[in-house]
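Atom set for the values below is all heavy atoms of this structure, side chains included, hydrogens, waters and symmetry mates excluded. Keep in mind that this is a model prediction, so the values were computed, not measured.
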Amino acid sequence: MCGIVGYIGEKQAAPVILDGLSRLEYRGYDSAGIAVFDGEAINYKKSIGRLKVLENLTRGGLDMPGFCGIGHTRWATHGVPSNENAHPHFNQKETISVVHNGIIENYLQLKKYLEKKGYVFVSETDTEVLAHLLDYYYKGNPMEAIFRMLRRVEGSYALGILFAEHPDTLFAARKDSPLVVGQNEEGCFIASDVPAILKYTRKVTYVDNQEIVKLHASHMHFYNIDEEEIQKEPVLIDWDANAAEKAGYEHFMLKEMYEQPKTVTDTISPRIRKGDIQIEELHMSDEELAAVRKIHIVACGSAYHAGVTGKYVIERLARIPVEVDLASEFRYRDPILEEGAMVIVISQSGETADTLAALREAKKRGFQILGIVNVVGSSIAREADNVLYTWAGPEIAVATTKAYSAQLTALYLLAMKFAKVRGTVGNEEFARLLNCLERLPYQIERLLNTKEQIQKFANRYLAAKDIFFIGRGIDYAISLEGSLKLKEISYIHSEAYAAGELKHGTISLIEDGTLVTAVSTQPELYQKMVSNIVEVKARGAFVMAVTGEDNREIERAADYVVYIPETAPVFANSLAIIPLQLFGYYVAVGRGCDVDKPRNLAKSVTVE
Ligand code: M6R
């Protein structure tokens, strides 16, 4: 995710801002920029690549005089990494400067509106509309312009804003993207994350949704969206710098699990418009979409598991046959790709060597490729014909959690879009599914809040030798992911089985006390799963069941039950995965494993 730092005070601003940005480098970024009011105008520098480049360009900031400024490290979302797309963004006269984290969902409409008014855009970003919109509303009173702009924008934002005509003020605002402000004897600060300013102050104030802050060198004022001044209390941060990077969480993996509600919201909400799903990135008309006869999904690891879920969901909702391949197999198996087939490659990093090779193989055969990718400007994003981005932000833990959740969400959107254009789901059912989709983030949050119970349970299995995961249909797909999460970070041997397949071999491995996690979220398969639970229990297994809230009688068969909130069965994986992620995480923590950097693994596998 992008980083924001701003400063106004007695010290030269640029070195303070660059220092703050350097403390956010661990979060990942592809370009950086800084803007400082130098006494006459807003002076700025931007550069693609590492922050070091910007530091060299400005001699560590010393070449940029001035006491009020904003800086940004960008992790590309709208538009590739480039100098033009790097922040800060400006109005045409370069008298208003903006840095932004988040996504402006209605930026295309706003852009069209402003272009009609004669505004000229120089970047591909959603952020640039904010600078022009501020210019459009600015009649001498910056707060009025900010309020009017914020009322027009939809989406999420943390903002730092400079007005050249008001060099003694730094403005900030926030909705659904984190922002903190702080103060010491030498000035006031804004930051997207606490570590950026921890060196300067430990007293910070969290800016809440739809609040605006006006910062001066020695004081600051807070306002709500109704333009009323409000009082806020600072909090004292007692984490060390290392913990602050993780926002107080013990590991990046846990932090990223907690980011899942936001990730899912960010992936869904820009694509839902007036009760419909619009995926502009597909660049395909409804007729072209309706003509797709077959889908091939190709990916590795967890992205492959997301693809297996995608198969079940697309086939069920849209009635299009889907084949899912491991990229390392697909590239060498001389796959039969018929006319009318669509190839979807899924990758968080966009750099996985096998997935990239599979993409090239399909392209060579003349197929259009849709990438579901998290990293903008990555190799897969560049080489795919169209890209549906998952807005998960940078993922640092090797074991994926939030990117996987975003991949599931992107596949649900696709499945529903296909279903709509093919008429395989009626209007009423479509509206019901949309409603379920929009409720997922809150339900994920509820499940995350059960972490203490899961931790207690996990602590009983720290010495386990083998753990099995079973499920049927969509629940088999989630078992694959639950099992991978556990084994890759805890080093406990674990396997996922289609529950009906167990009796064809694997059941011989069940001994007294072996833990079997049985996922049962599909109503039509529920009784079958109960029979499978009884089967393994008869061989001595201890069974943890993950099921819907209505299935209370499962307690008669299983030993320990985790209930997930009610949703459409096709979306149940997004909820069932949460206790499984928590379980894997706490087993690994309990065993003292290096959770964020498991042995022998890399975040991005760029070799075959
Ligand atoms: O970057 P990608 O999504 O292409 O990576 C694919 C796999 O390498 C990745 O999902 C891997 O399995 C993770 N370690 C799972 O947590």
Side-chain angles (χ1 to χ4, degrees), residues 2-25 29-74 81-101 122-123 125 127-128 130-131 134 142 158-172 181-193 195-201 215-218 220:
C2 312
I4 289 180
V5 182
Y7 172 73
I8 181 163
E10 291 167 13
K11 294 179 82 162
Q12 189 182 354
V16 173
I17 293 168
L18 289 174
D19 175 68
L21 290 177
S22 73
R23 321 238 159 217
L24 301 181
E25 278 197 289
Y29 64 100
D30 47 61
S31 52
I34 181 167
V36 178
F37 184 75
D38 69 4
E40 283 179 9
I42 301 175
N43 182 10
Y44 68 93
K45 285 270 180 296
K46 305 185 194 189
S47 136
I48 189 169
R50 311 302 297 167
L51 196 59
K52 212 70 243 106
V53 183
L54 195 63
E55 284 168 354
N56 290 342
L57 272 176
T58 60
R59 274 202 318 127
L62 294 176
D63 286 350
M64 292 187 85
F67 302 94
C68 172
I70 48 180
H72 191 262
T73 43
R74 174 175 188 252
S82 70
N83 281 351
E84 293 71 34
N85 290 335
H87 298 213
H89 287 282
F90 290 87
N91 61 336
Q92 260 155 276
K93 288 173 279 170
E94 297 188 346
T95 52
I96 301 173
S97 178
V98 180
V99 289
H100 165 224
N101 284 1
V122 295
S123 78
T125 64
T127 305
E128 196 185 347
L130 304 178
L134 282 169
L159 297 171
I161 308 169
L162 297 181
F163 283 82
E165 289 182 10
H166 299 266
D168 60 345
T169 319
L170 166 60
F171 301 89
V181 294
Q183 186 175 359
N184 66 12
E185 321 63 56
E186 293 174 322
C188 291
F189 306 80
I190 66 168
S192 52
D193 302 87
I197 56 174
L198 210 50
K199 178 174 155 192
Y200 303 100
T201 178
L215 300 98
H216 303 281
S218 60
M220 50 180 128

T95 (side chain) donor-acceptor with A164 (main chain) under 3.5 angstrom: no
Let me see the working for C188 and V181 under side-chain contact (heavy atoms from CB on, under 4.5 Å), right down to the final yes or no. CA-CA 7 Å; C188 291; V181 294; over 6 Å; no
Give me the ring orientation class for H72 and H87: parallel if the planes are under 30° apart, tilted from 30 to 60°, perpendicular past 60°. parallel
For E10 and G187, indicate whether the former's side chain and the latter's backbone hold a donor-acceptor pair under 3.5 Å. no
Flag, side chain of H216 to backbone of D168, donor-acceptor distance under 3.5 Å: yes
Are L57 and S47 close enough that some pair of their side-chain heavy atoms sits under 4.5 Å apart? yes
Is it true that a side-chain atom of N184 and a backbone atom of Y200 form a donor plus acceptor pair closer than 3.5 Å? yes
Main-chain N/O of I48 paired to N83 side chain as donor or acceptor, under 3.5 Å: yes
Between CG of D38 and CG of D63, what distance do you get to the nearest 0.5 Å? 12.5 Å
Taken to the nearest 0.5 Å, the spacing of E84 CD from S123 OG works out to 8.5 Å
How long is the span from the CZ atom in R74 to the NE2 atom in H100, to the nearest 0.5 Å? 11.0 Å
When rounded to the nearest 0.5 angstrom, what is the spacing between CG in D19 and CD1 in I197? 11.5 Å
After noting the C-alpha distance and the side-chain angles of N91 and L134, does the key distance pass the side-chain contact (heavy atoms from CB on, under 4.5 Å) rule? CA-CA 8 Å; N91 61 336; L134 282 169; over 6 Å; no
Output yes when a side-chain donor or acceptor of N101 lies under 3.5 Å from a complementary backbone atom of C2, and no otherwise. yes
Nearest-0.5 Å distance that lies between atom CD1 in I34 and atom CD1 in I42: 12.5 Å
Contacts of type side-chain hydrogen bond (donor to acceptor under 3.5 Å, both in side chains), residue N56, not counting sequence neighbours: none
Does any N or O in the side chain of Q12 come within less than 3.5 Å of the main-chain N or O of M64, such that one atom is a donor and the other an acceptor? yes
Among I70, L21, I190, the one residue meeting side chain to side chain contact (heavy atoms under 4.5 Å, CB included) with I4: I190
Within a 6.0 Å radius of atom NZ on K45, are there more than 12 heavy atoms belonging to other residues, nucleotides or ligands? no
Return yes if some donor-acceptor pair links the side-chain N/O of T73 with the main-chain N/O of G3 below 3.5 Å, else return no. yes
Before giving the answer on side-chain contact (heavy atoms from CB on, under 4.5 Å), spell out for E25 and L51 the whole-Å C-alpha distance, their side-chain angles and the decisive distance to 0.1 Å. CA-CA 8 Å; E25 278 197 289; L51 196 59; 3.6 Å; yes
L162 and L170, any side-chain heavy atoms less than 4.5 Å apart: yes
Rounded distance (nearest 0.5 Å) linking atom CG of L24 with atom OG of S192: 5.0 Å
Would you please test E128 and V122 for side-chain contact (heavy atoms from CB on, under 4.5 Å) and show each step? CA-CA 8 Å; E128 196 185 347; V122 295; 3.5 Å; yes
Ring centroid separation Y44 to F90 under 6.0 Å: yes
Report yes or no: does E186 contribute a side-chain atom to a donor-acceptor pair with the main-chain N or O of K11 at less than 3.5 Å? no
